[in-house]
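For this chain, numbers begin at 1 and follow the sequence in order.
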Amino acid sequence: MEYKAQIIAPIIAEGDAVGAVVIMSKEANVTFGELERKLAETASTFLGKQMEQ
């Protein structure tokens with residue numbers, strides 16, 4: 001499979017990278033912008049905090 005666009009945000013828990021939130025698209029004319037970047041960052045921050053508890 002070939003992906004045309006992607007955003008990767010690391011999940012950080014207690015100072016360690018424990019995973020990542022990945023958003024990908026196979027669509028030829030898709031470009032991710034600020035909204036998708038913030039979505040991935042918000043999700044990864046939330047997940048990191050949940051893993052610390």
Open item on the list: Quick one, Val21 and Leu47 - any side-chain contact, counting heavy atoms below 4.5 Å?
Closed with: yes
- [ ] Please check if Ile12 and Phe46 belong to a single hydrophobic cluster, counting links between Ile, Leu, Val, Met, Phe, Trp and Tyr side chain heavy atoms closer than 4.5 Å.
- [x] no
Task: For Phe32 against Ile7, the heavy-atom pair lying closest together - done: CB-CD1, 3.4 Å
Task: Nearest non-hydrogen partners of Ala5 and Val30, listed with the distance - done: CB-O, 3.7 Å
- [ ] Kindly indicate, with the supporting measurements, whether the criterion side chain to side chain contact (heavy atoms under 4.5 Å, CB included) is fulfilled by Gln6 and Ile23.
- [x] CA-CA 6 Å; Gln6 66 182 9; Ile23 303 173; over 6 Å; no
- [ ] Could you tell me which non-hydrogen atom of Ala9 sits nearest to which non-hydrogen atom of Ala40, and how far apart they are?
- [x] CB-O, 3.6 Å
Task: salt bridge (charged side-chain N to carboxylate O under 4.0 Å, His left out) pairs, two or more places apart, involving residues 38-53 - done: Arg37-Glu41
Open item on the list: If we ignore hydrogens and angles and just use 3.5 Å, is the side chain of Gln53 paired with the main-chain N or O of Gln50 as donor and acceptor?
Closed with: no
Task: Contacts of Glu2 that satisfy salt bridge (Lys or Arg N to Asp or Glu O under 4.0 Å) - sequence neighbours left out - done: Lys4
Task: Closest non-hydrogen atom pair, Met24 against Tyr3 - done: CB-CD2, 3.6 Å
